[in-house]
Amino acid sequence: MSDHTSHKLWGGRFSIPTAAALEALNRSIGTDYRLWPFDVRLSQAWAVALWGAGVLTLEESKKIERGLARVGERLGKGVDPLPSDEDVHTLIDRLLHEEVGDVASKLHTGRSRNDQVATATRLWSMEACTRLDASARALQQVMLDHAGNLQETLMPAYTHLQRAQPVAAAHWMLSHFWPLERDRARIAAASRSAGVLPLGSGAVAGCAFPVSRVLLQGSLGFSAVSQNSIDAVGDRDFVAELLFAVAMMATHLSRLAEDLIIYGSSEFGFVQFGEAFTTGSSMVPQKRNPDALELARGSGARAIGDLTTLLATLKGLPSGYNKDLQDDKRALFDAVDTMLLVLPAVAGALAEIRFNADRMRAALSSTMMATDLADYLVEKGASFRDAHGAVGGLIRESEGSGRELGALPFSSFAKAHELFGEDVFEWLAPQKSTSRRNVPGGTGPSAVSGQLSAARAALSTVNDAARGNELVLRAV
Ligand code: ARG
């Protein structure tokens, strides 16, 4: 006899009750409750499949399917789980019994929570990917809007956090757009990995009743059916892939946040933060703190931790389902929830930032055109090595005399290399430097405007392809 009072899905072979300490550890409803819409849907599809396999009559199948719909309505309004509801699957089974009585006991025929939870988690993940894509696109749109306005604005580009060369500020802004574009591609790939149906794998050996897995696949919107039941119940690659995509995206957002935080400091003054996404200090009245950006930077650590947690969980597992896998959802939900909080906050913080073109321009000095000076000599016929040496000498002189390159007299240039002419001073203007870099991917004006068009085109692609292809199947 199974334990009907507590509505356990197992227990027939046990003669004493489960220890309270194990029940406390084993209970996952606090985490997996949110899988309910997907568990209800896959259970409805399973009821139809069982009818198709001759296990349920049409009448029974319809009763269960409609009962599950009512269970879904109740769950949508909020149901408090009982202490005996081990996980969301047990809760739904109990509620279904309340709705339709004993026929509910037939639903679990041929399936196990092993293929059930894998299926529900995949459905949840595919939906999460669609939401992540939309949130990432919203942030990219803010970047595009800024970039459109910053095409004429020049600023230093840094390597080693040292001023290196002048660039269009739009070029800097778009340097944060493309990493997110790659993140969106990774999220779309994770969604495709999730789109393989495990239902029908049973506990580990496959369902013994002739259910149509192809119809299950179609009705639940999966794009393929798993090939091996042992693999299917223990495969969490899609979780790892999604966690990597999220961790990578969190890393990118952290770098964007770091740029903005530095640029917002008084020392830089390139950007001014707005007020909706900053906070004040309880002690220092003048402070405006970029908390949204700092929290974005900090949450990257969490996302990386979630990925590490999952990989560490998977690496030692024997094949098939193991209970360790129950914790995949903690890591998955934490990372996705965090990212769905961070993306809008970063988008909002970035949207209200104002750029200070004068401060950016003031950070450019003629010394940053040293490379252009070498190029000048090359254009006049010098070898790059010679040119580099001559410019090096000029830099030494300018540093020694505490003057920028552009403040040196022409005689210094003439002494440094015979090919220098009076027009050399034009080459010390930042505009001249950027305008010479129209190679695709460069910071020249036409290259940047081409880049903007490419970015706009990329953003018009919405990555929700893995969903929306469900067949509507009903036992009528
Ligand atoms: N709550 C479980 C999980 O999330 C469901 C699967 C339980 N399977 C089992 N054989 N006990 O992994």
Side-chain angles (χ1 to χ4, degrees), residues 28 31-46 49 72 87-89 92 111-133 186-204 206-207 211-246 306-307 310-311 313-314 317 320-337 339-340 463-471 473:
S28 62
T31 303
D32 59 30
Y33 183 92
R34 61 160 80 183
L35 287 180
W36 71 260
F38 308 101
D39 200 69
V40 164
R41 260 173 53 206
L42 73 87
S43 295
Q44 287 177 315
W46 189 247
D87 56 20
V88 66
H89 320 291
I92 289 173
R111 78 172 181 182
S112 151
R113 280 179 299 162
N114 297 356
D115 57 351
Q116 203 177 335
V117 73
T119 304
T121 307
R122 283 170 181 270
L123 288 168
W124 186 92
S125 297
M126 286 188 269
E127 195 187 275
C129 288
T130 303
R131 291 169 63 198
L132 286 168
D133 186 67
R186 274 185 280 270
I187 286 167
S191 183
R192 284 194 292 278
S193 289
V196 179
L197 176 84
L199 198 61
S201 299
V204 69
C207 176
V211 289
S212 168
R213 295 193 70 210
V214 172
L215 282 187
L216 282 169
Q217 174 207 319
S219 64
L220 291 170
F222 283 86
S223 51
V225 163
S226 61
Q227 297 288 343
N228 181 305
S229 59
I230 306 172
D231 177 36
V233 293
D235 172 13
R236 296 295 183 275
D237 294 9
F238 68 101
V239 181
E241 286 171 48
L242 181 47
L243 285 176
F244 175 71
V246 170
D306 289 327
L307 170 64
L310 184 83
L311 291 176
T313 303
L314 297 182
L317 291 185
Y321 176 85
N322 299 270
K323 198 56 176 272
D324 320 38
L325 292 173
Q326 177 160 283
D327 274 348
D328 62 348
K329 290 173 286 302
R330 270 188 224 255
L332 175 63
F333 296 163
D334 180 62
V336 172
D337 288 351
M339 189 47 69
L340 288 173
N463 290 328
D464 62 357
R467 304 293 305 148
N469 58 346
E470 296 89 339
L471 297 176
L473 280 184

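It should be emphasised that the depicted structure is a prediction, and the values quoted were computed from it without experimental measurement. Because only heavy atoms are used, hydrogens play no part in the values below, and waters and symmetry mates are left out as well, while side chains stay in. Just so you know, residue 1 is the first one in the sequence shown, and it goes up from there.
In this structure Asp237 satisfies the side chain to side chain donor-acceptor pair (under 3.5 Å) test with no other residue, sequence neighbours excluded. Scored by the side chain to side chain donor-acceptor pair (under 3.5 Å) test, Asp231 finds no partners at all (sequence neighbours excluded). Checked against side chain to side chain donor-acceptor pair (under 3.5 Å), Asp32 has the following partners two or more places apart in sequence or in another chain: Ser28. For Arg236, the salt bridge (Lys or Arg N to Asp or Glu O under 4.0 Å) partners two or more places apart in sequence, or in a different chain, are Asp328. Residues forming a side-chain contact (heavy atoms from CB on, under 4.5 Å) with Val336 (at least two apart in sequence, or on another chain): Trp124, Ala128, Leu132, Leu242, Leu332, Leu340. By the side chain to side chain donor-acceptor pair (under 3.5 Å) test, Gln217 pairs with no residue at all, sequence neighbours left out.
In this structure, Leu325 CG and Asn114 CG are separated by 9.0 Å, a value rounded to the nearest 0.5 Å. The line from CH2 of Trp46 to CG of Leu216 is 6.0 Å long, rounded to the nearest 0.5 Å. To the nearest 0.5 angstrom, Met126 atom CE is 15.0 Å from Arg131 atom CZ. From Phe38, atom CZ reaches atom OG1 of Thr119 across 12.5 Å, with rounding to the nearest 0.5 Å. Put simply, CG on Leu243 and CG on Asp334 are 9.5 Å apart, with the number rounded to the nearest 0.5 Å.
Across Ala49 and Val211, no two heavy atoms sit closer than the pair O-CG1, 3.8 Å. Annotation for Ser125 and Phe238: closest pair OG-CE1, 3.6 Å, computed over non-hydrogen atoms. What you find for Val225 and Arg213 is that their closest heavy atoms are CG1-NH1, 3.1 Å. What you find for Tyr321 and Gln326 is that their closest heavy atoms are OH-N, 4.1 Å. The minimum heavy-atom distance linking Lys329 with Leu35 is given by the pair CD-CD1, 3.6 Å. Shortest non-hydrogen contact noted between Ala245 and Ile187 is CB-CG1, 3.7 Å.
Side chain of Ser226 to main chain of Leu197: a donor-acceptor pair is present (N/O by atom type, distance under 3.5 Å, no hydrogens or angles). Checking side-chain atoms of Arg122 against main-chain N and O of Pro198 turns up no donor-acceptor pair under 3.5 Å. Within the 3.5 Å criterion, the main-chain N or O of Gln116 finds no donor-acceptor partner in the side chain of Arg111. No donor-acceptor distance shorter than 3.5 angstrom exists from the side chain of Ser201 to the backbone of Asp115, with no hydrogens or angles considered. Of the possible polar contacts, one joining the Asp306 side chain to the Ala335 backbone as a donor-acceptor pair under 3.5 Å is found. Although no hydrogens or angles enter the test, the distance criterion places a donor-acceptor pair under 3.5 Å between the side chain of Asn322 and the main chain of Gly320. For the pair Ser229 (side chain) and Val204 (backbone), a donor-acceptor distance under 3.5 Å is present.
For the pair Asp39/Leu42, a side-chain contact is recorded, criterion being any heavy-atom separation below 4.5 Å from C-beta on. Within the 4.5 Å cutoff, no side-chain heavy atoms of Asp87 are placed close to those of Tyr33.
If you check the side chains of Ser219 and Arg41, you find no donor sitting under 3.5 Å from an acceptor.
Within 6.0 Å of CZ on Arg186 lie more than 12 heavy atoms contributed by other residues, nucleotides or ligands.
Annotation: cation-pi geometry satisfied between Arg34 and Phe333 (NZ/CZ under 6.0 angstrom from ring centroid, within 45° of ring axis).
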